[in-house]
Amino acid sequence: MTVTSRNACVSCNNKNCLINKNLNSKIVLRFTEERREIRCKKGQQFIMEGASVTGLFFLLSGKVKVSRTGLMGKEQIVRFASEGEIIGHRGFGTEESYPISATALEDCKLCYFSKESLQEVLRLEPSFTYALMLFYANELNKSEVKVKSLSQMTVRERVIDTLLYVNRKFGQTNGYISVILSRREYADYAGTTEEQVIRILSSLKKETLIFTKGKRIGLHSTQALQREIDEHNFYLG
DNA sequence: CCATTAAGAGTGT
DNA sequence: ACACTCTTAATGG
């Protein structure tokens, strides 16, 4: 990991970034001078579960998986992150160690802010604090929806749900989902096993709902896939 | 560039 | 879940 120090927030065009949206504030602007840029290679883990919290990351470019060690050491992928997203935010508040690990799925650039400087700006700038609070509320909602999907959906539905989620998050290039994940990683997100994912993907392929090429997966009809999950939601109310 | 090897996909039991 | 084959990606000369 190489670390450089430079304030590039003013010239940064990442509109998804919470800091970028609040640069009109003088306090936030001064805070951005505390930024450290970190480069991270594919496969590298930059947050380790259980490590003490030193700060928080904003993803400038690249893709990241956020995971947690579940029961019996099985990896559970909590979410994926793309450009502009906050990583490591759950370590704030009363926690003193990160509850999750974060690993680069491809080469990444990360913006890092220390816990101290972040806490200062949160105390001084209510509009920024409010924006972060909205973000937290939204994250909580998403995690509740995920609990529901894990507990009430069938394995097949969870795999479809995972495909749609990853597709929504990263989009497509040449018809294929724009991120390369192993079947194992799909399984770790869907809360199932690699074999189950492989089998369900081959059924979906036979039903011409998806197509694959190596690790790449393309969706023929997101509507048709979505429909299968919607029916489920209908019966649940 | 090609050959060897390692990693991951896919299938049957 | 395990064992196996086949395919693709990574490595090194």
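Atom set for the values below is all heavy atoms of this structure, side chains included, hydrogens, waters and symmetry mates excluded. Below, chains carry the letters A, B, ... as their sequence lines are ordered, and counting in each starts from 1.
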d(CD1, A:Ile180; C1', C:dT8) in whole Å: 11 Å

Gap between atoms NZ and P, on A:Lys213 and C:dT8 respectively (whole Å): 9 Å

Test applied, ring-ring contact (aromatic ring centres under 6.0 Å, His included); reference residue, A:Tyr165; option that passes from A:Tyr189, A:Phe170, A:Tyr186: A:Tyr189

Touch class at under 4.0 angstrom, heavy-atom based, for A:Glu195 against every strand present: base

Rounded distance in Å - CD (A:Glu185) to P (B:dA7): 15 Å

Integer-rounded Å distance: B:dA9 C1' and A:Gln196 CD: 16 Å

Heavy-atom side-chain proximity of A:Ile229 to A:Met153 below 4.5 angstrom: yes

5' priority, DNA chain C, between A:Lys42 and A:Arg199 [closest heavy atom]: A:Arg199

A:Lys215 vs A:Thr193, nearer the 5' end of DNA chain C by closest nucleotide: A:Thr193

Aromatic ring pairing A:Phe31/A:Phe128, orientation class (parallel under 30°, perpendicular over 60°, tilted between): tilted

Student check: side-chain heavy atoms of A:Arg79 and A:Lys142 closer than 4.5 Å: no

Sugar-phosphate only, base, or nothing, as touched by A:Lys205 at under 4.0 Å among non-hydrogen atoms: sugar-phosphate

Phosphate OP1/OP2 of B:dT11 contacted by A:Ser202 side-chain N/O (<4.0 Å): yes

Length of the line joining A:Tyr186:OH and B:dG8:C1', which is rounded to integer Å: 14 Å

Protein-nucleotide distance (A:Ile198, atom CD1; B:dA9, atom P), rounded to Å: 6 Å

Between B:dA9 (P) and A:Ile200 (CD1): distance, integer Å: 15 Å

Gap between atoms NZ and P, on A:Lys206 and B:dT11 respectively (whole Å): 6 Å

